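Predicted model only: the values in this text are computed from it and were never measured. Atoms considered below: every heavy atom in the structure, side chains included; atoms not considered: hydrogens, waters and symmetry mates.
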Amino acid sequence: MRKIVGYFDGTDSTLLTGLVCAGYDTVPISNGFDNHGMHVRIINNENKVDLLIGYVHKIFAPEDSVQAGGVTYEDIFHVCRTFDIPLLLEVGADRQEAARNLFNEIPDVVEFVDPGEILEKAQAILEAR
């Protein structure tokens, strides 16, 4: 069975094509605000993905967006922790510290990865699972 990579809206198409060409499937995941694919809150043991990929701005939502159907990063971190789903957040090396400072209690399953290294990192995680 092919492993599945869930991705938030705006994820680099070259990265997604590279993953498909390497033998992985990709499915869009919605942060609840953009309605881009399956809502992240409904991920469970039956439909979980093997890896999530996105940009920081897709999970770091304004507090009032939750009332409009969006989710908080805490919600997404909870899903990742509960179902042991690694989350790669694509952010340049020069901004990773600033990105980390946006979040409280970052789980071990979350990694900040430079765009030039994300395909290699994603494949390594998927091969190890």
Side-chain angles (χ1 to χ4, degrees):
M1 184 168 166
R2 290 168 61 107
K3 293 182 181 158
I4 301 171
V5 178
Y7 65 92
F8 290 101
D9 186 29
T11 299
D12 180 57
S13 60
T14 304
L15 167 63
L16 297 174
T17 298
L19 289 167
V20 169
C21 290
Y24 304 106
D25 291 329
T26 61
V27 295
I29 302 294
S30 173
N31 62 7
F33 194 72
D34 59 19
N35 295 317
H36 175 80
M38 179 176 67
H39 196 296
V40 69
R41 280 190 184 156
I42 66 168
I43 291 175
N44 59 43
N45 280 323
E46 300 299 317
N47 66 5
K48 76 179 198 169
V49 296
D50 297 288
L51 174 66
L52 274 174
I53 296 177
Y55 293 106
V56 170
H57 72 275
K58 282 301 184 175
I59 70 163
F60 190 80
E63 290 181 22
D64 61 351
S65 71
V66 175
Q67 296 167 352
V71 295
T72 65
Y73 71 86
E74 290 99 336
D75 295 328
I76 296 169
F77 287 177
H78 174 75
V79 167
C80 291
R81 266 193 309 264
T82 300
F83 300 106
D84 190 31
I85 301 170
L87 169 61
L88 297 182
L89 294 173
E90 189 170 342
V91 60
D94 60 328
R95 294 212 163 93
Q96 288 181 11
E97 183 178 347
R100 279 186 189 88
N101 290 334
L102 294 171
F103 305 104
N104 295 317
E105 300 179 35
I106 301 168
D108 292 340
V109 293
V110 176
E111 291 187 56
F112 298 86
V113 183
D114 188 76
E117 300 171 357
I118 197 157
L119 179 58
E120 181 180 323
K121 183 64 177 177
Q123 288 179 300
I125 288 170
L126 291 164
E127 289 170 11
R129 291 184 74 77

Minimum side-chain heavy-atom gap K3-V49 below 4.5 Å: no
If we only count heavy atoms from C-beta on, is the I29 to M38 side-chain gap below 4.5 Å?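 Counting from C-beta outward, I29 and M38 do come under 4.5 Å.
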Report, as yes or no, whether the 6.0 Å neighbourhood of atom [atom1] on [X] holds more than 12 heavy atoms from other residues, nucleotides or ligands.
X: R129; atom1: CZ; result: yes
X: N101; atom1: CG; result: yes
X: E120; atom1: CD; result: no
X: H78; atom1: NE2; result: no

Look at the rings of H57 and Y55 and say which category their plane angle falls in: under 30° parallel, 30 to 60° tilted, over 60° perpendicular. parallel
Can you tell me how the ring of F103 sits relative to the ring of F77, calling it parallel under 30°, perpendicular over 60° and tilted otherwise?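 Tilted: the ring planes of F103 and F77 meet at 30° to 60°.
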Name the one of L126, T14, D25 that satisfies side chain to side chain contact (heavy atoms under 4.5 Å, CB included) with L19?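 Only match with L19 under side chain to side chain contact (heavy atoms under 4.5 Å, CB included): L126.
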Grab the two heavy atoms, one from R100 and one from F112, that are nearest each other, plus how far apart they are. CG-CE1, 3.3 Å
Stepwise, does the side chain to side chain contact (heavy atoms under 4.5 Å, CB included) test hold for V109 with L87? CA-CA 6 Å; V109 293; L87 169 61; 5.6 Å; no
Is the side chain of T11 donor-acceptor paired with the backbone N or O of Y7 at a distance under 3.5 Å, no angle test? no
Where the side chain of S30 meets the backbone of N35, is there a donor-acceptor pair that is under 3.5 Å apart?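 Confirmed, S30 side chain pairs with N35 backbone.
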